[in-house]
Amino acid sequence: MSEYLAIDWERRSVRVVSANISRGQVIVRKAFTASWPATADPSENPQQAGQWIAQLLKQHGIGCPQVHIVLPREDTVVRQLDLPQVSSDEVADIVRLQIESRTATSLDELEFDFLPYPQPAQAESLRVLVFTIPQSRKTTILQALQSAGLEPVIIAVSPVTTAQLVLEQSRLKRFAATETNLVIARHGERLEFSLVRDRHLLMAHASRGLTADGQLEVGGVLTELRRAMGAFARNESRVEVDRAWVLGPKQENEELAEAIRQNLGYTVELFDPWETYAAANAEAADGHFGQYAASLGLLAGIAHPSLPAIDFLHPRRALEQPARRRPSGITGGAACGGASVV
């Protein structure tokens, strides 16, 4: 049974998950959250940040040298681009040109990766979802990991990994793979909305300011959700949500789930990732287990890949790269023993 390490790498904190994957099952052993010390801000002092990470993992008895990194949606810029129909190998170059024409930032200062969109028959254009981050963000992360003695396997993004978690649950429940799923996930003070259809990510939205005293403000969440869905609908001919998934402790989210049913008319699934993936003796530093959904989704994608990945460490250079994403999923899953589970 191999050990895997995943870290939600946020600007104020890290969320760490240590888990085993055996026979296609993810089993969480430890999960904890820690705030970056003022003297170890990775954007300003990556070497000190790496030393702090190394000490943190040592304190928790985690010795895995390979790490899977997840960045939050709010650290990325997401664009939906319509491209001319070109060969698969030309798509990355066209995306590059489109980004250059839409931003004042030099492309040399950016990192990007993109996802294919479901393509209707006889489509005149090719639609992709593009994620960009400052190159400096990737550079400081890699410097910190080197200082920590850790080898990065993937630099993913939370909307994709969290959606992967939902697709895995949908598969286990035998729901239709063609359903359109709305994913609502809370990561600390941040709330993310994602839309997935036919195993493709269609929308990725993030918002803050929707909590008060640690509790979700249901009215504010509904308003923000309507706004996000309305913005998405402007570029879509059809927006029909078959199922909404609210991630996190079920008791905490019952009010929100009922409000979504009553006000939006969606079928709602309450899903607590901790109930599904934590071992009976798993250690967690706090009770907000839903906030580990992004890292858990990345690990679930290693066990059962079903969604194309965003990976700023190995960005896509063609529409399909089977060697990188067997089978077009979140692979790159290195266990501490060096084995891969796909």
Checklist entry - Do you know which of Glu74, Arg73, Glu224 makes side-chain hydrogen bond (donor to acceptor under 3.5 Å, both in side chains) with His205? => result Glu224

Under 4.0 Å between a Lys/Arg side-chain N and an Asp/Glu carboxylate O for [X] and [Y]?
X      : Y      : value
Arg243 : Glu179 : yes
Asp82  : Arg127 : yes
Glu192 : Arg190 : yes

Counting N and O atoms only, with roles assigned by atom type, does the side chain of [X] sit under 3.5 Å from a partner on the main chain of [Y], one being a donor and the other an acceptor?
X      : Y      : value
Arg186 : Leu191 : no
Asp113 : Asp311 : yes
Thr161 : Ser158 : yes
Gln66  : Glu151 : no

Next on the checklist: With a 6.0 Å cut-off on the ring centroids, do His200 and Tyr117 count as close?
Outcome noted: no

Item to check | From Phe112 atom CZ to Phe312 atom CZ, the distance as rounded to the nearest 0.5 Å | outcome: 10.0 Å

Are [X] and [Y] side-chain neighbours, meaning at least one heavy-atom pair lies under 4.5 Å?
X      : Y      : answer
Ser170 : Glu168 : no
Trp9   : Pro42  : yes
Arg15  : Glu10  : yes

Checklist entry - Would Asp41 and Ser43 count as a side-chain hydrogen bond (donor to acceptor under 3.5 Å, both in side chains) if you check the C-alpha gap in whole Å, the side-chain angles of each, and the deciding distance to 0.1 Å? => result CA-CA 6 Å; Asp41 184 333; Ser43 64; 2.7 Å; yes

